[in-house]
Amino acid sequence: MTFLVGNGGGFSGDRVDAPIPVVRSLMARGLPAAMFFETLGERTVALAQLERRRDPELGYEPMLERLLEPILADCFRARIPILGNFGAANPPAAARLVARLALRLGLPDLKIAVVGGDDVMGSIALDQLPVHEADGSIDTKSARLVAANAYIGAEPLVEALRLGADVVVAGRTSDPALAIAPLVHHFGWSFEDWEKLAVGAACGHLLECGSQVTGGVFWDPGFKDIPDPANIGFPIAEVTAEGGLIITKPEDTGGIVDLRTIKEQLLYELHDPAHYITPDVVLDISGCHVEQLGKDRVAIHGLRGHPRPETLKVTASFEGSWLGEGEVSVAGPNALARARATADVLLRRLEMRQLGVRARVDLIGVASVLDSDDGALWRGYEGPEPPEVRIRLAAEGADRDNVDQAAREVLAMLCCGTAGTGGARWRLTPRILTRSYLVLRERVPTSVMVRSAREMVG
């Protein structure tokens with residue numbers, strides 16, 4: 001029997017209507033299936049923790065209700081469980097939101113699981129842990145800790161499904177665990193069957209970024225075209241009990257699934273293709289091969305698995321410095337000269353005021369992505385005269401007010417700047433710095449609580 005795994009989101013901020021055709025396709029095929037949402041980046045949990053500090057009922061995926069409302073009733077009635085790390089820093093609050101949504105949709109018996117244990121900020125001393133992938137520039141002794149979350153594996157998610165959960169709300173899980181869990185639950189795979197778990201990990205890895213495997217990011221007009229990118233379909237995996245794996249997408253959507261999209265996503269974020277570490281299994285894709293079975297259908301063969309590591313990764317986020325940004329535009333004849341003059345004045349103003357910030361200027365439309373902090377590319381630019389230039393000043397420093405004042409210098413250019421200056425804006429944001437550690441998995445106990453929507457709302 002084939003089991004279907006659909007993905008409805010690849011990061012916080014993904015398209016909120018993407019899950020609809022995926023669920024529609026799962027229902028039409030009539031096979032056992034599950035949906036998962038992967039909405040957490042390395043710093044997303046830290047930002048969510050800051051939100052939770054401001055309001056104890058926040059700190060989860062802000063688009064959660066918009067993502068689930070169109071599909072929740074259909075998934076419940078079709079017995080398609082939904083799993084997601086959209087609980088972020090506050091899974092209980094996210095679960096309560098799902099419960100309120102379920103009651104509004106007339107689903108009082110919908111069962112919601114809350115998976116806990118990933119938040120280790122108050123239970124583990126980070127300075128006693130080995131550092132993994134360290135950024136040596138971070139002064140962790142003086143920086144304030146914002147969040148510390150362990151990447152937990154699929155076992156508590158499987159337990160939630162075993163207890164009958166229709167929606168599993170978790171915080172920081174590993175991305176592949178969200179696909180491994182429904183596969184282990186459905187097929188009864190052992191957590192020591194490394195070859196089968198490797199298939200689950202590859203399934204999760206291919207699907208975790210949503211449309212990246214169906215043409216998103218892959219798309220390069222004129223070189224790697226995809227059909228109907230405004231309606232790009234999110235991926236669906238077909239998995240068999242024996243370990244067969246096929247990636248496809250809903251038929252009525254845009255995008256593409258071919259050998260190229262599969263290969264690009266397989267290699268995405270892999271430091272070592274023979275040793276991709278997850279909490280549940282170490283995935284080895286070094287001997288795998290891919291096969292185009294038809295339109296938007298690719299099979300992956302030859303995946304290997306090795307025993308899971310004894311440790312889990314903990315990502316700790318610290319309050320960093322402040323980032324100030326200011327932008328203003330110039331347009332029309334002589335725009336490049338006016339933009340350069342504006343940039344020079346802005347940098348000179350920061351020196352005059354002795355604000356003590358690190359600063360750079362980018363001339364968007366001339367050089368902004370590949371330039372260095374000294375502006376070598378825009379200073380040496382000798383190409384065609386641009387019709388317009390957007391000038392961006394970025395300032396970074398530990399003193400909030402100094403950084404704010406630096407960014408506000410851009411506003412002054414509305415009257416103090418060159419002819420034709422307009423469209424000014426500025427903003428100030430806190431920076432989050434991350435460092436990863438390794439912790440023995442037995443030091444990260446997990447918990448699972450399952451209640452109906454009626455019980456959860458009370």
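Treat the numbers as computed from the prediction; the structure is a model and nothing was measured.
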* Provide the closest heavy-atom pair for S174 versus D280 in the form atom of the first, atom of the second, distance. => OG-OD2, 4.4 Å

* Asked: Is the shortest heavy-atom distance from the side chain of F37 to the side chain of L68 under 4.5 Å?
  -> yes

* **Closest non-hydrogen atom pair, E38 against E208** => CB-O, 3.5 Å

* Asked: Within a radius of less than 6.0 Å around CD of E327, do more than 12 heavy atoms belonging to other residues, nucleotides or ligands occur?
  -> yes

* Asked: Should we count CD of E442 as having more than 12 external heavy atoms under 6.0 Å?
  -> yes

* Asked: Are F234 and P19 side-chain neighbours, meaning at least one heavy-atom pair lies under 4.5 Å?
  -> no

* Return yes when atom CD of E251 has more than 12 non-hydrogen atoms of other residues, nucleotides or ligands closer than 6.0 Å, and no otherwise. => no

* To do: Report the residues that fulfil side-chain contact (heavy atoms from CB on, under 4.5 Å) with E325, sequence neighbours left out, ordered by chain and then residue number.
  => L323, R392, R427

* Between OH of Y60 and CZ of R96, what distance do you get to the nearest 0.5 Å? -> 9.0 Å

* Close side-chain approach of Q292 and V298, heavy atoms under 4.5 Å -> yes

* Check R431, R144, R43 against E319 for a salt bridge (Lys or Arg N to Asp or Glu O under 4.0 Å) and give me the one that passes. => R144

* Mind listing the closest non-hydrogen atom pair of A88 and E61 along with its distance? => CB-N, 4.4 Å

* **Sole candidate of I71, V168, D166, V98 that passes side chain to side chain contact (heavy atoms under 4.5 Å, CB included) when paired with I82** => I71

* Asked: In terms of ring plane angle, is the pair H205 and Y276 parallel, tilted or perpendicular, where the classes change at 30° and 60°?
  -> tilted

